[in-house]
Q: 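Could you have a look at this structure, given as structure tokens, before my questions?
Computed from a predicted structure; not experimentally measured. Every chain is numbered from 1 and lettered A, B, ... according to where its sequence line falls, protein lines coming before strand lines.
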Number of protein chains: 2
Amino acid sequence: MRPQKVDDQQLMAGLMAVLRAKGYDGASLNDLAEATGLKKASLYHRFPGGKKEIVEAVLNYVLDWIKQNISGILLSTDGKPQERLSKTLNNVRALYNDGDSICILRALTNDTGLPLFGLQIEESFQVWLEGFTQLGLDLGFNKSQSERMAREVLIKVQGSLILSKAMDDLTPFQQSLSDIEQIYKH
Amino acid sequence: MRPQKVDDQQLMAGLMAVLRAKGYDGASLNDLAEATGLKKASLYHRFPGGKKEIVEAVLNYVLDWIKQNISGILLSTDGKPQERLSKTLNNVRALYNDGDSICILRALTNDTGLPLFGLQIEESFQVWLEGFTQLGLDLGFNKSQSERMAREVLIKVQGSLILSKAMDDLTPFQQSLSDIEQIYKH
DNA sequence: GTCTATAGCTAGATAGAC
DNA sequence: GTCTATCTAGCTATAGAC
């Protein structure tokens, strides 16, 4: 076989960048091809199911990333809980480019994306919530408090990303991440 | 002239429903025509600038709605501040169908919508913020506290809408609106 | 595995009858 | 003011050469 022109890692990065910036309907296969350096027909070779399969693959990649860089850290027992939180929040900052990038889960959470990818989106949010719920428990909060705080984290992250984008000002996002760190201090 | 088949109010309602559900790229002129009961060519008669002008008109309508039902109430001096807050939050619940509807400002806050409508989106958010900032001042909080609380309101609303949609569970939104009421209690 | 070329379709937008 | 009919461009997807 011919060698792959771009490896899976590069491919996913390019596809995700376009999808989270433009959404499902706004991202054309030409956009996706251009961002990855492949031609349309080559994308169909890698993803025979077309755009739908591309998004499914990217969402699997996102879920894996969350498991590795969010919930995986928070569910581990390395170091102190506060250190796990700091590490996780730094990964969140990197994921969203300090508040400048749109969340791909958000970009797909509309009436065109949800019927196609709702289950995958829900799973990613669920895994994220489970990580932060465990953090609350590790810090001595009870179950219902911990679950509530985990929801609050997601709400702050998603809400501040929208506000930062709309106002063209990264401080809401950055402030919100600081606030999250405070929430978990007794 | 011929009579209008649908009045401006109905027209805006139909257009907004499609746009916030599907976003700018996802909403086709056929979708918009079907939702309003007009044909494509008739939409072009009302909005010669096409889809872009349609969205601009809808965003003007949204801004007016926010001025009337959010900031207008919070900037008034009718009744007690807490009553103004309750009334405003009920309007917010109605706007988003208790958490089931997507925010059109959010739906347009991506790399296809922002270059076209960024200024209008920012203005709507700004007006919303000014209303809640005044509420904080009326309740005795200082300026920087009031501004921070106003941002927190928008973050909670936008973030909980996303979480509610993604998890198919309206409680995050409803809980967040209750939380907002608590924030403003001394 | 990647590419060029193209099929088939739907998009946004326009012309012109009524 | 609304409609049917139509244009062109761009879309998703496929065929087949290398």
Q: Check this one for me: any side-chain N or O of A:H45 less than 4.0 Å away from OP1 or OP2 of C:dT2?
A: no
Q: For A:P172, is there any backbone N or O sitting under 3.5 Å from a side-chain donor or acceptor partner on A:Q175?
A: no
Q: Answer yes or no: is there a donor N or O on one side and an acceptor on the other, between the side chain of B:S42 and the main chain of B:L38, under 3.5 Å?
A: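 Not confirmed, B:S42 side chain does not pair with B:L38 backbone.
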Q: Expressed in angstrom and rounded to an integer, what is the separation of A:L43 atom CG from C:dG1 atom P?
A: 13 Å
Q: A:D7 CG to C:dT2 P: how many Å, rounded?
A: 11 Å
Q: Just by protein heavy atoms under 4.0 Å, how would nucleotides 10-18 of chain C read 5' to 3' in B, S and -?
A: -SBBBB--B
Q: Sequence neighbours left out, cut at 3.5 Å: what donor-acceptor pairs do the side chains of residues 96-104 of chain B make with other protein atoms?
A:
from  : atom 1 : to     : atom 2 : distance (Å)
B:N97 : ND2    : B:S101 : OG     : 2.6

Q: Name the orientation class of the two ring planes belonging to A:Y184 and A:F141 (parallel below 30°, tilted from 30 to 60°, perpendicular beyond 60°).
A: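 Answer is perpendicular, since the angle exceeds 60°.
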Q: Got a donor-acceptor contact below 3.5 angstrom from the A:D169 side chain to the A:S164 backbone?
A: no
Q: Taking CG in B:D7 as the centre, count heavy atoms belonging to other residues, nucleotides or ligands within less than 6.0 Å. Is the count above 12?
A: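 More than 12 within 6.0 Å, yes.
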Q: Examine D:dG1: is either OP1 or OP2 under 4.0 Å from a nitrogen or oxygen in the side chain of B:S42? Give yes or no.
A: no
Q: To the nearest angstrom, how far is A:K39 atom NZ from C:dT6 atom P?
A: 16 Å
